[in-house]
Amino acid sequence: MDARINYFGNALAGKVMRHFNSAAAALAGALPAATEELVKIRASQINGCGFCTDMHTKEAAAAGETQLRLNLVAAWREATVFTDAERAALELAEQGTRLADSSTGVTDEAWANAAKFYDEDQLAALISLIALINAYNRINVINRQPAGDYQVGMFG
């Protein structure tokens with residue numbers, strides 16, 4: 001499989017990605033690192049973004065995330081290895097990613113549950129993180145960016 005264009009080598013795309021990456025950098029440290037990676041992985045799985053799923057599972061593993069937890073992200077509801085706060089973030093990520101699947105978008109219940117564990121700045125970070133990873137996913141899916149070759153730290 002080949003990407004449709006060399007997105008990472010394109011000057012205009014590079015300009016756009018620098019802005020996305022600046023927004024992502026603004027979120028640094030706002031959430032626990034594990035939560036941030038779990039959210040990115042789950043949204044990427046839902047969107048079918050192999051490139052981001054590859055990237056964020058490798059980044060999470062390099063940061064010390066266990067293989068068990070990485071393997072269970074897609075089945076987080078039935079898994080006992082996630083904290084209640086992580087589960088709330090994963091629910092918010094799922095609902096925020098699957099907006100077209102529900103006429104209610106993100107439910108009040110999912111929001112209230114997340115608000116039990118995260119303060120207003122962290123909730124703003126979660127909203128922004130979910131929006132950003134969905135944007136990254138869409139770029140990679142539209143471009144058919146292949147997965148598997150990502151190396152930890154490749155973009156940073």
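Just the heavy atoms: all of them, side chains too, but no hydrogens, waters or symmetry mates, feed the values below.
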**Q** When rounded to the nearest 0.5 angstrom, what distance separates CD in E59 from CD in Q151?
**A** 10.5 Å
**Q** Please answer: with hydrophobic residues joined when any side-chain heavy atoms are less than 4.5 Å apart, are W111 and I130 in the same cluster?
**A** yes
**Q** Kindly give the heavy-atom pair with the smallest separation between F20 and A135, and that separation in Å.
**A**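 The pair with the smallest heavy-atom distance is CE2-CB, 3.5 Å.
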**Q** Return the CG to CG distance between L99 and N134, rounded to the nearest 0.5 Å.
**A** 7.5 Å
**Q** May I have all residue pairs that pass ring pair (Phe, Tyr, Trp, His ring centres under 6.0 Å) and include part of residues 80-99, sequence neighbours excluded?
**A** none
**Q** For a 4.5 angstrom cut-off between non-hydrogen side-chain atoms, does T53 reach Y150?
**A**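 The answer is no; the side chains never approach within 4.5 Å.
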**Q** Is there a path of hydrophobic side-chain contacts, each under 4.5 Å between heavy atoms, that joins V152 and M55?
**A** no
**Q** Going by distance alone, is a donor N or O of one side chain under 3.5 Å from an acceptor N or O of the other, for S102 and Q95?
**A**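 There is no such pair (donor and acceptor under 3.5 Å, judged by atom type) between the side chains of S102 and Q95.
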**Q** Show the nearest heavy-atom pair for residues G48 and V141, with the distance to one decimal.
**A** O-CG2, 3.8 Å
**Q** Say you draw a straight line from CD of Q145 to CG of D2; how long is it, rounded to the nearest 0.5 Å?
**A** 10.0 Å
**Q** Within this structure, what is the OG1-CG distance for the pair T107 and N113, rounded to the nearest 0.5 Å?
**A**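 Rounded to the nearest 0.5 Å, the OG1-CG separation comes out at 9.0 Å.
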**Q** Checking T83 side chain against E86 main chain: does a donor-acceptor pair fall under 3.5 Å?
**A**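 Looks like yes, one N/O pair under 3.5 Å.
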**Q** Could you grab the distance from atom CG of N137 to atom CD1 of I142, nearest 0.5 Å is fine?
**A** 10.5 Å
**Q** Decide whether L90 and L126 are clustered together by the hydrophobic rule: side chain heavy atoms of Ile, Leu, Val, Met, Phe, Trp, Tyr closer than 4.5 Å, transitively.
**A**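 Hydrophobic grouping puts L90 apart from L126.
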**Q** Side-chain contact, heavy-atom cut-off 4.5 Å: Q122 with F117?
**A**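 Of all side-chain heavy-atom pairs linking F117 with Q122, none is under 4.5 Å.
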**Q** For D54 and G148, which heavy atoms make the closest approach, and how far apart are they?
**A** OD2-N, 2.9 Å
**Q** Shortest non-hydrogen contact from C52 to S44?
**A**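 Scanning both residues completely, I find the closest heavy atoms to be CB-OG, 3.2 Å.
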**Q** Any chance the rings of F51 and Y7 have centres within less than 6.0 Å?
**A**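 That pair fails the under 6.0 Å test.
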**Q** Is the side chain of N143 donor-acceptor paired with the backbone N or O of I5 at a distance under 3.5 Å, no angle test?
**A** yes
**Q** I139 versus M17: any side-chain heavy-atom pair under 4.5 Å?
**A**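 Answer yes - side chains close enough.
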**Q** With rounding to the nearest 0.5 Å, note down the distance linking CD in E65 to CD in Q67.
**A**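 Between E65 CD and Q67 CD, I get 9.5 Å after rounding to 0.5 Å.
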**Q** Under 4.5 Å between side-chain heavy atoms, counting indirect links through other Ile/Leu/Val/Met/Phe/Trp/Tyr residues: same cluster for Y136 and L12 or not?
**A**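 In one cluster: no.
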**Q** Determine whether E91 and R77 make a side-chain contact, defined as any pair of heavy atoms from C-beta on separated by less than 4.5 Å.
**A**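 With C-beta onward as the side chain, the pair touches.
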**Q** Test of understanding: clusters of I, L, V, M, F, W, Y form through side-chain heavy atoms closer than 4.5 Å, transitively. Do I46 and L70 belong to the same one?
**A** no
**Q** Could you work out, with salt bridge (Lys or Arg N to Asp or Glu O under 4.0 Å) as the rule, every residue matching R87, not counting sequence neighbours?
**A** none
**Q** Using residues 26-43 as the side-chain source, report each donor-acceptor pair under 3.5 Å to any protein atom, sequence neighbours left out, with the distance given to one decimal.
**A**
| residue | atom | partner | partner atom | Å |
| --- | --- | --- | --- | --- |
| E36 | OE2 | K40 | NZ | 3.0 |
| E37 | OE1 | H56 | ND1 | 3.0 |
| R42 | NE | E94 | OE2 | 2.7 |
| R42 | NH1 | Q45 | OE1 | 3.0 |
| R42 | NH2 | E94 | OE2 | 3.2 |

**Q** Does CG in D119 sit with more than 12 non-hydrogen atoms of other residues, nucleotides or ligands closer than 6.0 Å?
**A**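 Above 12, so yes.
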